[in-house]
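Proteins get letters first, then strands, A, B, ... in listed order; numbering begins at 1 in each. These numbers come from the heavy atoms of this one structure, side chains and all, not from hydrogens, waters or symmetry mates.
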There are 2 protein chains.
Amino acid sequence: MDKNLKRMATMQRMQVTGLELFYKKGYYNTSVDDILKELSLSKGAFYYHFQSKEDFFISIIQNLIVRKVYSMLIEPIEGKEDPLKTIEVCFENAMSTAEHNELDYGFVLSNFMTEFNGRNELISKYLRDIYKMWQVNIVTILQKGKTDGYVARHIDSEAVAAFLISSYMGVRMLMVEGNSKTLSYQFLQQVRQYLKSLEQRELV
Amino acid sequence: MDKNLKRMATMQRMQVTGLELFYKKGYYNTSVDDILKELSLSKGAFYYHFQSKEDFFISIIQNLIVRKVYSMLIEPIEGKEDPLKTIEVCFENAMSTAEHNELDYGFVLSNFMTEFNGRNELISKYLRDIYKMWQVNIVTILQKGKTDGYVARHIDSEAVAAFLISSYMGVRMLMVEGNSKTLSYQFLQQVRQYLKSLEQRELV
DNA sequence: AATAAAACCGACCAAGTGGTCGGTCGCAAA
DNA sequence: TTTGCGACCGACCACTTGGTCGGTTTTATT
């Protein structure tokens with residue numbers, strides 16, 4: 001019990017610091033030693049808990065990244081009434097969080113998707129699954145929104161979801177290049193404009 | 001003269017192969033030796049022509065990446081009549097090119113922006129400049145579009161440009177995860193929907 | 001053919017890299 | 001107090017990295 005607790009505690013410390021550095025400097029550009037130095041731990045400790053650097057990163061995906069994306073972008077829109085409004089608010093919050101984080105290196109998910117693409121199929125798959133989870137979620141609430149009369153029936157929910165996700169990943173990438181405040185404002189403004197064009201007009 | 005030609009030829013060969021590999025495997029994940037092996041050249045040849053790996057990459061930006069972005073995304077929309085239609089067509093072409101490229105690893109510019117962000121300020125600056133060039137260009141034609149009665153006067157050109165670029169960078173990133181055909185179609189469909197909402201309605 | 005500069009070669013270097021392994025330490029059960 | 005084991009240490013290994021440098025080959029010029 002207690003032992004298990006200690007084990008988990010150390011692993012979590014490693015994962016948290018690992019994600020921090022991987023996010024900041026990139027996976028391939030961060031050595032295991034870098035992480036260990038930060039924690040004053042040794043190689044032995046690392047390879048006692050994890051099989052490899054890859055295995056370590058996968059555990060980070062499952063324990064930290066999934067949760068992060070879920071709590072920030074998926075959970076806030078699940079089962080809400082007006083999908084368009086809900087998505088708008090969710091984006092506002094996400095952008096605001098990013099904007100006020102002085103150590104912003106972009107959207108975790110898309111950064112890693114870019115880095116691992118074509119280089120590590122296994123990790124790419126895990127990341128892709130998170131993206132899909134998000135995508136499916138948006139599609140679902142849009143479909144429900146049609147039934148409930150919030151969303152125009154003729155729109156292609158899958159396409160809207162893809163477009164929203166694309167634009168979000170895009171701005172989040174651009175925001176790190178400075179001017180995040182302005183960009184954030186401009187982005188939200190245009191998202192609103194776009195979302196408005198999806199509204200169900202003239203309810204019978 | 002002739003000497004200069006040979007020099008340029010070798011340098012270009014290195015740059016082309018370099019970009020290919022950097023684009024495919026990432027800058028930090030591609031060694032100078034990797035590039036040299038591909039060309040059957042030696043370290044000596046490389047460091048005779050370039051001061052460092054960084055210097056080499058900067059020359060690639062200036063000689064290849066700038067031109068690529070310019071010819072694909074900037075030049076096609078310069079000085080055209082109807083900005084919204086022009087942007088639409090330009091995106092259609094860009095997406096089509098990407099879609100039919102079986103070795104697609106995303107949008108060159110945004111991939112490198114992500115990779116170098118926070119890791120190499122000098123290179124980031126060069127890349128950012130390309131992005132700005134593109135941005136300014138879109139803003140310019142949108143403003144002209146207002147004067148010419150194609151674009152609604154109340155829209156924020158800067159915001160529209162940022163939004164368009166964001167979404168483009170986003171899809172291009174997602175396209176490499178498979179389903180590029182579907183994604184491409186969905187994206188263009190939504191871009192059209194969005195662009196339509198920017199049109200100048202009811203001309204006097 | 002002689003020459004000199006330009007272009008290229010490849011062994012070498014120091015500084016890392018991910019990963020291994022024999023050992024140590026502290027704590028809980030006996 | 002002894003024992004056993006989970007947690008951790010750190011020297012070490014094979015290998016790769018960007019970069020150097022003394023030297024050789026190509027090439028154009030005379």
**Request:** Find the distance Tyr48(A):OH to dT24(C):C1' and express it as a whole number of Å.
**Result:** 14 Å
**Asked** Can a salt bridge be assigned to the pair Glu88(A) and Lys196(A) using a cut-off of 4.0 Å between side-chain N and carboxylate O?
**Response** no
**Request:** Would you check if there is a donor-acceptor pair between the side chains of Asn137(B) and Glu78(B) at a distance under 3.5 Å?
**Result:** yes
**Prompt:** Atom CE of Met14(A) and atom C1' of dG18(C): how far apart are they, to the nearest Å?
**Reply:** 15 Å
**Asked** dG19(C) P sits how many Å from Leu41(A) CG, rounded?
**Response** 17 Å
**Message:** Assess, by modelled atom type and distance only, whether the side chains of Asp34(B) and Ser31(B) contain a donor and an acceptor separated by less than 3.5 Å.
**Reply:** yes
**Message:** Side-chain N or O of His49(B) versus OP1/OP2 of dA6(C): is the shortest distance under 4.0 Å?
**Reply:** no
**Prompt:** Taking the side chain from Tyr23(A) and the backbone from Gly106(A), do they hold a donor-acceptor pair closer than 3.5 Å?
**Reply:** yes
**Message:** Checking Glu99(B) against Tyr185(B) for the side chain to side chain donor-acceptor pair (under 3.5 Å) test, could you report, in this order, the C-alpha distance in whole Å, the side-chain angles of both residues, the deciding distance, and whether it holds?
**Reply:** CA-CA 10 Å; Glu99(B) 186 193 323; Tyr185(B) 173 78; over 6 Å; no
**Request:** Would you kindly give the CZ-to-P distance between Phe50(B) and dT20(D), to the nearest whole Å?
**Result:** 15 Å
**Request:** Quickly work out the Phe56(A) CZ to dG18(C) C1' distance and round it to whole Å.
**Result:** 13 Å
**Message:** Check the phosphate of dG18(D) against Lys53(B), side-chain N and O only, distance under 4.0 Å to OP1 or OP2. Yes or no?
**Reply:** yes
**Request:** Round to the nearest Å and state the distance from Met8(A) atom CE to dG6(D) atom C1'.
**Result:** 15 Å
**Message:** I need the OH-C1' distance between Tyr47(A) and dC21(C), as an integer number of Å.
**Reply:** 13 Å
**Message:** I'd like to know if Glu177(A) and Lys132(B) make a salt bridge, using a cut-off of under 4.0 Å between side-chain N and carboxylate O.
**Reply:** no
**Request:** Would you tell me if any nitrogen or oxygen in the side chain of Arg7(A) comes within less than 4.0 Å of OP1 or OP2 on dG6(D)?
**Result:** no
**Asked** Can you tell me if the side-chain N/O atoms of Thr10(A) get under 4.0 Å from OP1 or OP2 in dA7(D)?
**Response** no
**Item:** Gap between atoms CG and P, on Asp34(B) and dC15(D) respectively (whole Å)
**Value:** 17 Å
**Request:** Take Phe112(A) and Tyr27(A), measure what ring pair (Phe, Tyr, Trp, His ring centres under 6.0 Å) needs, and give me the verdict at the end.
**Result:** CA-CA 8 Å; Phe112(A) 287 130; Tyr27(A) 174 83; 7.9 Å; no
Are any protein N/O atoms closer than 3.5 Å to N/O atoms in nucleotides 10-14 of chain D? If there are, list each pair with its distance.
{"unit_1": "dG10(D)", "atom_1": "O6", "unit_2": "Gly44(A)", "atom_2": "N", "d": "2.9"}

